[in-house]
Amino acid sequence: MQTVLVTGANGKIGREVVAQLVARVDEVVAVDRRGGQVVGIDVQSVDLGDRSAVEQAVAACDGVIHLGAYPSPEGRAGEDTLINNVLTTYVVVDEATRHGVPVVLASSGSIYGTAWSEEVTYHKEVPVTEATPVQYVDPYALSKDVAERIGAMAARQGIGVLALRFHWVVTAAEIAEQVGKSDPAAGVRNLWGYVELGDAARACLLALDHLLATQEPHFETLLITAADTLRTEGTEKLINQYSPSTRITTPIPGTASAFDCSRAADLIGWRPAYAWR
């Protein structure tokens, strides 16, 4: 019997993760601040800051996919974003550590600091990799950095943790609305990137498969981004026009992404399956 806990099961990625998991594991334990149902699975109403409730959920599971956090800082005070995202991650990961259960964490490409800064900031070098230095000045990125540090600490305490740095997660319908229609200057913050919802959820499953198969205490971050951009123009042309201070260290052919996800391919076998083209 294999049982997987999904936090944030009513969220955008959470619902898709639950939908993909039901065909793969014996039981899905779905929790969220709001109750409800996802593909016939009852979602338990759980405050992830409530240690006793989290302990009960984690104790029954073989692995955790932790998605229960604010997906963006929009409409919230910085301190609310920071407290919520850090506290919930700490409680979930700490309980997983106590029970020897591996964790997949939802991190974000926003951690690099360009997405939510008050003033437009630019990537210093591309392609962006997991080793690219973070240079954020916003609380949302800070919350993701601290979440990753919590994961690294848990690995030192004996469990496996993978933090997935998702790019802007969108559905195929949302992608169709965006392609070629937005101002390209506005997309420079995120280098015109995205990841399709089903691909993002599949990365969670593959990451958990890796952790359950290895059963080794370790921590890594993985970039999860589509192989192309949302623009029809060449990526290098866009960078040279809208972010001329950005240094292109390795050629980016055609409309390929400026984010390098080869580590995810090597470690967990994830490659983006969706491309709007």
- Task: Go through Q37 and D42 one step at a time and tell me if the side-chain hydrogen bond (donor to acceptor under 3.5 Å, both in side chains) criterion holds.
- Result: CA-CA 5 Å; Q37 274 204 339; D42 288 330; 2.8 Å; yes

- Task: Keeping the roles fixed (side chain from E236, backbone from I252), state whether a donor-acceptor pair exists under 3.5 Å.
- Result: yes

- E55, CD: over 12 other non-hydrogen atoms inside 6.0 angstrom: yes

- Note on the structure: Which of W192, Y112, Y194, F259 passes ring pair (Phe, Tyr, Trp, His ring centres under 6.0 Å) with H167? Answer is F259

- Query: Just by modelled atom types, is the I175 backbone N or O under 3.5 Å from a matching donor or acceptor in the Q178 side chain?
  - Reply: no

- Query: Would you find a donor on one side and an acceptor on the other, under 3.5 Å apart, between the side chain of T114 and the backbone of T121?
  - Reply: no

- Task: Give a yes or no on whether the backbone of A227 and the side-chain of S257 come within a donor-acceptor separation of less than 3.5 Å.
- Result: no

- Query: Is the shortest side-chain N to carboxylate O distance from D145 to R149 below 4.0 Å?
  - Reply: yes

- Item | Of I224, V17, D209, the residue whose pairing with C204 passes side chain to side chain contact (heavy atoms under 4.5 Å, CB included) | V17

- Output yes when R202 and E16 qualify as a salt bridge under the 4.0 Å nitrogen-oxygen rule, no when they do not. no

- For the side chain of W270 and the backbone of D199, is there at least one donor-acceptor N/O pair under 3.5 Å apart? yes

- Message: When you measure from the side chain of T97 to the backbone of A154, do you find a donor-acceptor pair of N or O atoms at a distance under 3.5 Å?
- Response: no

- Task: Begin from the C-alpha positions of T246 and H123 and carry the test side-chain hydrogen bond (donor to acceptor under 3.5 Å, both in side chains) through to its verdict.
- Result: CA-CA 6 Å; T246 299; H123 289 275; over 6 Å; no

- Message: Would the distance check show the side chain of S143 and the main-chain N or O of V86 forming a donor-acceptor pair, the cut-off being under 3.5 Å?
- Response: no

- Could you tell me whether R263 and E130 make a salt bridge, using a distance below 4.0 angstrom between a side-chain N and a carboxylate O? no

- Item | T229 side chain to R231 backbone, donor-acceptor under 3.5 Å | yes

- Query: Any side-chain heavy atom of V46 within less than 4.5 Å of one from D32?
  - Reply: no

- Carboxylate-amine/guanidinium proximity below 4.0 Å for K12 and E174: yes

